[in-house]
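What you see is a predicted model, and the numbers here were worked out from it, not measured in a lab.
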Amino acid sequence: MAEVDTATKEMEALQVGQNEETKENLIKEGKAANSNGAAPAAQSSPPEDDDEAQADGASQDGAPEAAKKKKKKKNKSKKKDPLQQTDPPSIPVDELFPSGEFPEGEIQQYKDDNLWRTTSEEKRELERLQKPIYNSVRRAAEVHRQVRKYMRSIIKPGMLMIDLCETLENMVRKLIKENGLQAGIAFPTGCSLNWVAAHWTPNAGDKTVLQYDDVMKLDFGTHIDGYIVDCAFTVAFNPMYDPLLQATRDATNTGIKEAGIDARLCDVGAAIQEVMESYEVEINGKVFQVKSIRNLNGHSIGPYQIHAGKSVPIVKGGEQTKMEEGEFYAIETFGSTGRGFVREDLECSHYMKNFDVGHVPLRLAKAKQLLGTINNNFGTLAFCRRYLDRLGETKYLMALKNLCDNNIVQPYPPLCDVKGSYVSQFEHTILLRPTCKEVISRGDDY
């Protein structure tokens with residue numbers, strides 16, 4: 001070790017300013033010491049910092065390794081913290097999850113006769129094959145959760161309904177990275193008030209303002225590659241409506257619990273109605289039993305098809321049809337203080353191209369042009385007049401009527417119970433996976 005100490009002292013002398021000739025002599029002596037079996041100075045006890053390490057390298061024989069050490073940067077690269085969402089949200093969700101894996105929804109087990117699926121290796125393998133689809137719909141669900149969380153924090157009496165909708169929709173477009181038919185809004189934002197149960201959104205120029213005593217159903221959808229998340233909740237500022245909202249929330253959760261592979265749709269509806277109609281609500285001194293709206297239903301969902309053929313009733317006496325493995329469903333319930341029956345009313349805003357429509361010859365040039373816009377931007381996803389305005393379409397109402405008259409496009413006017421009543425809604429999208437049931441759109445809020 002004495003030779004190591006001597007070498008260290010010599011190196012210190014170098015650092016305080018010896019001339020180049022002395023430096024060359026010392027390097028030669030170091031080489032001679034190494035050939036006699038002495039440990040080189042660079043193998044002494046570890047230096048205290050990077051500067052000393054570089055000085056040690058300089059005292060060696062100019063070998064390539066020493067040169068590389070000298071060129072190393074002093075600052076080590078720091079590990080980046082995970083990206084955090086801004087307030088208000090502005091970062092696309094795929095940038096928040098760089099791994100490309102998005103959060104799973106709430107997992108519920110099937111009932112006893114299907115518990116075997118949980119441990120079936122064959123069913124697990126089926127899920128592994130479907131992982132890209134699951135990931136797409138989970139990405140859409142994460143956008144839904146983040147947007148609705150922000151909207152719930154800013155919705156207040158006095159807001160213009162059109163401002164509310166456009167704030168929500170622009171945020172969806174940003175967080176989902178809207179990209180034609182590959183990613184975007186799945187259908188217009190429903191913000192139906194009071195006795196209007198569904199399918200109302202403001203058209204351009206509408207001046208409706210949200211009031212303290214309003215009951216608003218906020219129903220919006222997101223999609224990735226046509227895999228749709230359909231999810232809704234109700235906003236009411238006056239606490240006297242709380243039992244009405246609780247009835248619908250509990251009824252929806254009951255429907256989710258009863259749903260499953262081989263479950264009969266009629267049984268799901270009966271369970272929903274039993275829970276819904278066990279509630280009463282007192283409004284301005286008058287007590288109402290909460291009623292399930294008998295002609296509104298949940299529904300199965302397909303790629304680019306919001307209503308894929310099966311209906312999930314919210315009253316007893318529905319179809320005996322069974323739910324099947326791999327299906328997506330929107331489980332939605334509507335509770336009303338009115339008749340519990342809706343009809344079409346008010347100005348139409350929602351439209352959707354019929355899913356199975358073939359080629360239909362059109363005489364009106366404007367109708368042909370409008371159909372091209374619909375095909376390119378919405379396909380068979382629902383849209384509203386505000387979306388056509390946004391795309392630069394003008395004077396299109398006659399052309400739109402022509403498309404409806406030819407059964408190419410279907411209008412969906414607002415659905416209303418009796419005027420003066422109040423309707424509440426809650427909705428989630430579920431997936432009947434081979435091994436379990438996943439509530440795709442479940443969040444901390446509901």
Peer 1: Quick one, Asp262 and Asn114 - any side-chain contact, counting heavy atoms below 4.5 Å?
Peer 2: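 SC-SC contact between Asp262 and Asn114 confirmed.
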Peer 1: List the steps, then state whether side-chain hydrogen bond (donor to acceptor under 3.5 Å, both in side chains) holds for Thr248 with Gln425.
Peer 2: CA-CA 6 Å; Thr248 322; Gln425 174 199 18; over 6 Å; no
Peer 1: Tell me if the CE atom of Met240 is crowded by more than 12 foreign heavy atoms within 6.0 Å.
Peer 2: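 Counting other residues, nucleotides and ligands, CE of Met240 exceeds 12 neighbours.
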Peer 1: If we only count heavy atoms from C-beta on, is the Cys165 to Cys191 side-chain gap below 4.5 Å?
Peer 2: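 In contact.
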Peer 1: Okay, side chain of His299, backbone of Ile306: is any donor-acceptor separation there less than 3.5 Å?
Peer 2: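 Here the side-chain-to-backbone pair exists.
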Peer 1: Residues two or more places apart in sequence or in another chain: which of them pass salt bridge (Lys or Arg N to Asp or Glu O under 4.0 Å) with Lys177?
Peer 2: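 Lys177: salt bridge (Lys or Arg N to Asp or Glu O under 4.0 Å) contacts with Asp94, Glu95.
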Peer 1: With a 3.5 Å distance limit and no angle check, can you tell me whether Ser292 reaches the backbone of Val315 through a side-chain donor-acceptor pair?
Peer 2: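 Not at all, since once roles are kept as given, no pair shorter than 3.5 Å links the two residues.
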Peer 1: Just so I know, are the side chains of Phe288 and Glu280 near enough to count as touching, which here means a heavy-atom distance under 4.5 Å?
Peer 2: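 No, side chains not in contact.
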Peer 1: Does Arg442 make a cation-pi contact with Phe233, if we ask for NZ or CZ under 6.0 Å from the ring centre and within 45° of the axis?
Peer 2: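 Arg442 over Phe233 ring: no.
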Peer 1: Evaluate the side-chain proximity of Asp87 to Tyr150: yes if any heavy-atom separation is below 4.5 Å, no if none is.
Peer 2: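 They are in side-chain contact.
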Peer 1: With ring centroids as reference points, do Phe220 and His144 lie under 6.0 angstrom apart?
Peer 2: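 Yes.
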Peer 1: Is a side-chain donor or acceptor of Tyr412 paired with a backbone partner of Ser349 at a separation under 3.5 angstrom?
Peer 2: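 Checking the backbone N and O of Ser349 against the side chain of Tyr412, no donor-acceptor pair under 3.5 Å is found.
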Peer 1: Using a 3.5 Å distance criterion without hydrogens, assess whether the side chain of Asn354 forms a donor-acceptor pair with backbone atoms of Asn407.
Peer 2: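 Judged by distance alone, yes, a pair lies under 3.5 Å.
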Peer 1: Roughly how far apart are Trp200 CH2 and Leu415 CG, rounded to 0.5 Å?
Peer 2: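 Taking CH2 in Trp200 and CG in Leu415, the distance rounds to 14.0 Å.
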Peer 1: Should Gln85 and Gln146 be marked as a side-chain contact (heavy atoms from CB on, under 4.5 Å) after you check the CA-CA gap, both sets of side-chain angles, and the distance that decides it?
Peer 2: CA-CA 9 Å; Gln85 187 55 276; Gln146 293 195 19; 2.7 Å; yes
Peer 1: Is any side-chain N of the basic residue among Lys310 and Glu319 closer than 4.0 Å to the acidic one's carboxylate O?
Peer 2: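 Looking at Glu319 together with Lys310, the answer is no, because their closest N to O distance does not fall below 4.0 Å.
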Peer 1: For Gln289 and Glu277, what are the C-alpha separation, side-chain angles and deciding distance, and is it a side-chain hydrogen bond (donor to acceptor under 3.5 Å, both in side chains)?
Peer 2: CA-CA 7 Å; Gln289 182 188 26; Glu277 299 188 353; 4.5 Å; no
Peer 1: Using the side-chain hydrogen bond (donor to acceptor under 3.5 Å, both in side chains) rule, take Lys366 and Asn402 through it: C-alpha gap first, then chi angles, then the decisive distance, then the call.
Peer 2: CA-CA 9 Å; Lys366 179 65 176 176; Asn402 185 258; over 6 Å; no
Peer 1: How far does CD1 of Ile176 sit from CZ of Arg139, to the nearest 0.5 angstrom?
Peer 2: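 Between atom CD1 of Ile176 and atom CZ of Arg139 there are 6.5 Å.
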Peer 1: To the nearest 0.5 Å, tell me how far Ile301 CD1 sits from Thr429 OG1.
Peer 2: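 So the gap between those two atoms works out to 4.0 Å.
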Peer 1: With no hydrogens and no angle check, is any side-chain donor or acceptor of Ser120 less than 3.5 Å from a backbone partner on Trp116?
Peer 2: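 Not a single qualifying donor-acceptor pair exists.
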Peer 1: Using a strict cut-off of less than 4.0 Å between a Lys/Arg side-chain nitrogen and an Asp/Glu carboxylate oxygen, indicate whether Arg145 and Glu142 qualify as a salt bridge.
Peer 2: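 Salt bridge: yes.
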Peer 1: Applying side-chain contact (heavy atoms from CB on, under 4.5 Å) to Ile314 and Asn297, what does each step give before you reach the verdict?
Peer 2: CA-CA 6 Å; Ile314 60 175; Asn297 307 286; 5.6 Å; no
Peer 1: Considering only NZ, NE, NH1 and NH2 on the basic side and carboxylate oxygens on the acidic side, decide whether Arg385 and Glu347 come within less than 4.0 Å.
Peer 2: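 A salt bridge links Arg385 with Glu347.
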Peer 1: According to the salt bridge (charged side-chain N to carboxylate O under 4.0 Å, His left out) rule, which pairs have a member within residues 238-252, sequence neighbours left out?
Peer 2: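 For residues 238-252, and leaving out neighbouring residues, there are no salt bridge (charged side-chain N to carboxylate O under 4.0 Å, His left out) pairs at all.
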Peer 1: May I ask you to say whether Glu274 pairs ionically with Lys316, meaning some side-chain N is under 4.0 Å from a carboxylate O?
Peer 2: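 No, Glu274 and Lys316 are not salt-bridged.
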Peer 1: Is a donor on one side and an acceptor on the other found under 3.5 Å between the side chain of Asn295 and the backbone of Val342?
Peer 2: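 Yes.
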Peer 1: In the structure I gave you, are the side-chain heavy atoms of Val137 and Val229 within less than 4.5 Å of one another anywhere?
Peer 2: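 Heavy-atom side-chain distance check passes, below 4.5 Å.
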Peer 1: Specify whether Phe426 and Tyr446 have parallel, tilted or perpendicular ring planes, treating 30° as the upper limit for parallel and 60° as the lower limit for perpendicular.
Peer 2: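 Ring orientation of Phe426 relative to Tyr446: perpendicular.
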Peer 1: Before giving the answer on side-chain contact (heavy atoms from CB on, under 4.5 Å), spell out for His428 and Ile256 the whole-Å C-alpha distance, their side-chain angles and the decisive distance to 0.1 Å.
Peer 2: CA-CA 8 Å; His428 274 300; Ile256 292 169; 3.8 Å; yes
Peer 1: Answer yes or no: is there a donor N or O on one side and an acceptor on the other, between the side chain of Glu178 and the main chain of Gly184, under 3.5 Å?
Peer 2: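 No, because the side chain of Glu178 does not come within donor-acceptor range (under 3.5 Å) of the backbone of Gly184.
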Peer 1: Are Glu122 and Arg117 within salt-bridge range, i.e. N to O under 4.0 Å?
Peer 2: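 No.
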Peer 1: Evaluate Arg152 against Asp445 for side-chain contact (heavy atoms from CB on, under 4.5 Å), listing each step before the verdict.
Peer 2: CA-CA 9 Å; Arg152 285 165 78 91; Asp445 47 356; 3.7 Å; yes
Peer 1: With a cut-off of 6.0 Å (strictly less than), are more than 12 heavy atoms of other residues, nucleotides or ligands near CG of Asp405?
Peer 2: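 Yes, CG of Asp405 has more than 12 neighbouring heavy atoms, counting only those of other groups under 6.0 Å.
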Peer 1: Quick one: do the Glu169 and Thr189 side chains pair a donor with an acceptor below 3.5 Å?
Peer 2: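 Side chains of Glu169 and Thr189: pair found under 3.5 Å.
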Peer 1: Take a 6.0 Å sphere around NZ of Lys257 and say whether it holds more than 12 heavy atoms from other residues, nucleotides or ligands.
Peer 2: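 Not more than 12 within 6.0 Å, no.
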Peer 1: Take Arg128 and Glu121 through the salt bridge (charged side-chain N to carboxylate O under 4.0 Å, His left out) test and state the conclusion after the steps.
Peer 2: CA-CA 10 Å; Arg128 283 191 281 271; Glu121 192 53 46; 2.7 Å; yes
Peer 1: Using the six-membered ring wherever Trp is involved, compare the ring planes of Tyr422 and Tyr241 and label them parallel, tilted or perpendicular (cut-offs 30° and 60°).
Peer 2: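 Tyr422 vs Tyr241 ring planes: tilted.
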Peer 1: Quick one: does Ser336's side chain have a donor or acceptor within less than 3.5 Å of a partner on Ile293's backbone?
Peer 2: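 Looks like no, no N/O pair under 3.5 Å.
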Peer 1: Would you call Arg433 and Glu104 a salt bridge, using N to O less than 4.0 angstrom?
Peer 2: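 Answer for the salt bridge query: yes.
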Peer 1: Whether Lys437 and Glu106 form a salt bridge (side-chain N of Lys/Arg under 4.0 Å from carboxylate O of Asp/Glu) is what I want to check.
Peer 2: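 Here Glu106 does not pair with Lys437 in a salt bridge, since their nearest N and O are not under 4.0 Å apart.
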Peer 1: Could you give the distance from CD (Glu427) to CG (Asp230), rounded to the nearest 0.5 Å?
Peer 2: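 The CD atom of Glu427 sits 3.5 Å away from the CG atom of Asp230.
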Peer 1: Are side-chain heavy atoms of Met323 and Leu265 found at a separation under 4.5 Å?
Peer 2: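 Side-chain contact under 4.5 Å: yes.
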Peer 1: Would you call Glu101 and Arg138 a salt bridge, taking side-chain N to carboxylate O under 4.0 Å as the test?
Peer 2: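 No.
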Peer 1: Does the pair Asp345/Arg343 count as a salt bridge with the N-to-O cut at 4.0 Å?
Peer 2: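 Looking at Arg343 together with Asp345, the answer is yes, because their closest N to O distance falls below 4.0 Å.
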Peer 1: When you measure from the side chain of Lys368 to the backbone N and O of Leu362, does any donor-acceptor pair fall under 3.5 Å?
Peer 2: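 Checked: pair present.
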Peer 1: Backbone N or O of Gly340 within a donor-acceptor pair of the Asp417 side chain at under 3.5 Å?
Peer 2: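 Such a contact is found between Asp417 side chain and Gly340 backbone.
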Peer 1: Using only heavy-atom distances, determine whether the side chains of Thr252 and Glu332 contain a donor-acceptor pair under 3.5 Å.
Peer 2: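 Glu332 and Thr252 do not have a side-chain donor-acceptor pair below 3.5 Å.
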Peer 1: How far does CD1 of Ile261 sit from OG1 of Thr435, to the nearest 0.5 angstrom?
Peer 2: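 Going from CD1 on Ile261 over to OG1 on Thr435, the span is 8.5 Å.
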Peer 1: Considering all heavy atoms of both residues, which atom of Cys436 and which atom of Tyr110 are nearest to each other, and what is their separation?
Peer 2: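 Heavy-atom minimum between the residues: O-OH, 2.9 Å.
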Peer 1: Using the rule given for side-chain hydrogen bond (donor to acceptor under 3.5 Å, both in side chains), can you reason through Asn194 versus Asp214, listing the C-alpha separation, both sets of side-chain angles and the distance that settles it, and then say yes or no?
Peer 2: CA-CA 6 Å; Asn194 304 324; Asp214 283 339; 3.0 Å; yes
Peer 1: Flag the pair Phe383 / Met352 as yes when at least one side-chain heavy-atom distance between them is below 4.5 Å, and no otherwise.
Peer 2: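 No - every pair of side-chain heavy atoms lies 4.5 Å or more apart.
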Peer 1: Would you say Leu193 and Leu210 make side-chain contact, with heavy atoms under 4.5 Å?
Peer 2: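 Side chain of Leu193 against side chain of Leu210, heavy atoms only: contact under 4.5 Å found.
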